[in-house]
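The structure under discussion appears below in the form of structure tokens.
Below, chains carry the letters A, B, ... as their sequence lines are ordered, and counting in each starts from 1.
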Number of protein chains: 2
Amino acid sequence: MAEATIRDVASRAQVSVASVSRVLNGFEKVSQETRERVTEAVAALGYVPHAAARSLSMARTHSIGVVLPDLHGEFFSEIVRGMDRVASERGYLLLLASLHAGSPLGTSALRALRGRVDGALVMAPHLSEEELAATLPPGVPIVLLNTRGQQGRHPAISLDNAAGARAIAEHLLALDRKRVVHIAGPPGNADAQERAQAFAARVTEGHGVTLQTVEGDFSERSGEVAVTALLTSQEPFDAVFAANDNMAIGALQALRQAGRQVPEAVAVAGFDDIPMARHLGLTTVQVRIAELGEFGLSELLDTVEGRGMPPASTLHPVELVVRATTGQA
Amino acid sequence: MAEATIRDVASRAQVSVASVSRVLNGFEKVSQETRERVTEAVAALGYVPHAAARSLSMARTHSIGVVLPDLHGEFFSEIVRGMDRVASERGYLLLLASLHAGSPLGTSALRALRGRVDGALVMAPHLSEEELAATLPPGVPIVLLNTRGQQGRHPAISLDNAAGARAIAEHLLALDRKRVVHIAGPPGNADAQERAQAFAARVTEGHGVTLQTVEGDFSERSGEVAVTALLTSQEPFDAVFAANDNMAIGALQALRQAGRQVPEAVAVAGFDDIPMARHLGLTTVQVRIAELGEFGLSELLDTVEGRGMPPASTLHPVELVVRATTGQA
DNA sequence: ACGCAGTGTGTAACCGGTTACATGTCTCAA
DNA sequence: TTGAGACATGTAACCGGTTACACACTGCGT
């Protein structure tokens, strides 16, 4: 037996489909009698409305597309948790569309969002503006998260990477560190670029301070490798700022293995404040990731529901958190 | 200007909608000329097929519902990562439906999956069989993950909790621990129950071994609280097995604060092998969570695509990982 | 000449809802 | 008695695709 449709319900309740629809959607003008008959039939048949059909005729899906790069770990789960909170509060479901690096399939998958979602939250810090424009489905409201904006084509919400990196720079300068190393993130990544640039700008304002920047890829392993290379190069340094916590943790391991004291010989700082940072006493920049997700989705839903356009661009604040790896042991 | 429809494309290309549809779906019997005209029109209009309309007429959505409890952290991101891998490989999108504890909305949200997904992966270790039956949408293929099965109504894939707990028990017995504590998970949770039960069964086979079980809720905090209470109660113990790593980490903190040596005075073990466990040297049971997600989704897609029913029930293997908190310091 | 098979295309029904509009009934005032 | 107005209900068009079926055209064998 196939699934019951609204017409099955109508014929069992001896009313028209219009009446069934009205009862189901809580429309006022329905007699008590009709309401009861319909309710009974719905229960008896175990009827559940068909979402695709409803979407088609109402042009609303009550789903929001979430487009994310190949994320792992805390960052992913936190941002989704924030979005999920808002989504379930406001009656939406989240449709996940991961953007696997270099997958041509990913692009077409995105366009397939048309007719499936009422809007999309897009986080793609590794895409250029042109790639982005070519990838996004047309006619779907978009909010960009942490992604290069398209000069006002879509509202964008970004982390205040510059402020965070500057705060770390100032902190290290205040500690009187002179030979500073920055382990940067992948070159194509917008967050990584902003952090590196702001950090360099501020740190080189210090008197007699040298800065050396090496490249990583945001993985713990790459942080470890980078520091090991520096150690063997004999190049002296007394502070390391990694573009994210993962790499900072890798750096800590390399230093520990080499017997360098942290923070006495080398101060270490990261970015993100993942839970592990707290356990390891890592100085870092706290990013309220879940809040970023919440805020992004709220803004998007506001525009989807027509409650006015959000401002073109917002910076999400971050906060310096000083812990043992730069403070007292 | 509204979005282009297939009829707009048809009229611009001077062909019928049927031909457009055939071209778009790579149907063979189309003349070269028609194909070109349609391709041109599609490009010119920026046409993208409307997913809801397609779903409705084809009765396929190419989406899979993922129903998860209020998860945070690694467990969530890992399981989703595994599913996502399979999903994008096989051309599906994931629709996330979190089951917030005690939210009546959650239930109705689940039924709303009808017409939106081709099947659902359901993980709800806190629901009873009856609750589950009342919550699931009818007529949608389901695979249960780590959830009390409904005696064969749906295929189920579960962690081999019993094997993991037994392995920990044997390990502790081999270390000659005599006064063992188990910090259990929430009482309504199926995983927690299985772990507690199997652990108790095996550990009490040891000669002259006592077991004390206290209750936690899977949070780090609750592990800390439990151990602190035990310490102040003066009750002696030389081993702690927490039902998950989070609680084990809390336990470690409480022990460290009290100055108890780990593993000399008290051996500590957890369950899950979250990344932090490796960093802290926590002995635990490794669960390949991403694999669980991959496997679950593969099985589900097989049944959705009619490649035969998976076995009614599968146990996902786990593995003991011995580290510093029970081994040599 | 005819029938027949094969090929490409178009027409229209259908998927399962929503909803504008028409219809029917009832009440009450003129 | 009649007509207006309020109200509940039903009919059918519509959302945007897919596809069964009908049709027209071609080239072939007899």
Side-chain angles (χ1 to χ4, degrees), chain A residues 1-38 41-42 45-62 111-118 137-140, chain B residues 1-38 41-42 45-62 111-118 137-140:
Chain A
M1 171 196 73
E3 287 304 300
T5 74
I6 198 174
R7 301 184 214 264
D8 298 331
V9 175
S11 77
R12 183 182 224 274
Q14 311 260 45
V15 298
S16 73
V17 292
S19 292
V20 176
S21 181
R22 288 192 267 258
V23 170
L24 261 54
N25 297 313
F27 197 74
E28 284 298 321
K29 306 295 184 53
V30 184
S31 73
Q32 188 60 27
E33 151 123 35
T34 302
R35 189 179 307 278
E36 279 164 14
R37 295 247 289 279
V38 169
V42 165
L45 298 174
Y47 169 73
V48 179
H50 193 280
R54 208 207 282 264
S55 297
L56 184 56
S57 66
M58 304 219 296
R60 289 299 299 289
T61 63
H62 282 272
R111 302 189 144 265
L113 288 182
R114 155 151 140 99
R116 234 186 251 280
V117 300
D118 296 333
V140 174
Chain B
M1 170 195 71
E3 287 304 299
T5 74
I6 196 173
R7 301 185 213 264
D8 299 331
V9 175
S11 78
R12 183 182 224 271
Q14 311 260 46
V15 298
S16 73
V17 292
S19 291
V20 176
S21 180
R22 288 192 267 259
V23 170
L24 261 53
N25 297 312
F27 197 74
E28 284 298 321
K29 305 296 185 50
V30 183
S31 74
Q32 187 60 27
E33 150 121 36
T34 302
R35 189 180 307 279
E36 279 163 13
R37 295 246 290 280
V38 169
V42 165
L45 299 175
Y47 170 73
V48 179
H50 193 281
R54 209 208 281 266
S55 297
L56 183 57
S57 68
M58 305 219 296
R60 289 299 299 290
T61 64
H62 282 271
R111 302 191 144 263
L113 288 181
R114 156 151 139 98
R116 233 186 254 279
V117 300
D118 296 334
V140 174

| Out of curiosity, B:Thr5 OG1 to B:Leu45 CG, how far, rounded to the nearest 0.5 Å? | 9.0 Å

| query | Atom CD of A:Glu36 and atom OG of A:Ser31: how far apart are they, to the nearest 0.5 Å? | reply | 8.5 Å

| Can you give one letter per nucleotide of nucleotides 6-21 of chain C, going 5' to 3': B for a protein heavy atom under 4.0 Å from the base, S for sugar-phosphate only, - for none? | --SBBBB--BBBSB--

| task | Say whether, by atom type as modelled, one donor and one acceptor occur between the side chain of A:Ser21 and the main chain of A:Val17 under 3.5 angstrom. | result | no

| message | If we ignore hydrogens and angles and just use 3.5 Å, is the side chain of B:Arg114 paired with the main-chain N or O of A:Val48 as donor and acceptor? | response | yes

| request: I would like to know whether B:Val38 and B:Arg22 meet side chain to side chain contact (heavy atoms under 4.5 Å, CB included); could you show each step before the answer? | output: CA-CA 10 Å; B:Val38 169; B:Arg22 288 192 267 259; over 6 Å; no

| field | Full working for side chain to side chain contact (heavy atoms under 4.5 Å, CB included) between B:Arg54 and B:Asn25 | value | CA-CA 11 Å; B:Arg54 209 208 281 266; B:Asn25 297 312; 3.1 Å; yes

| query | If you fit an axis to the five pairs at each end of the helix from C:dA1-D:dT30 to C:dA30-D:dT1, how big is the angle between those two axes, to 10 degrees? | reply | 70°

| request: Check each of B:Thr34, B:Val9, B:Val23, B:Val30 against B:Val15 using the side-chain contact (heavy atoms from CB on, under 4.5 Å) test, and report the only one that passes. | output: B:Thr34

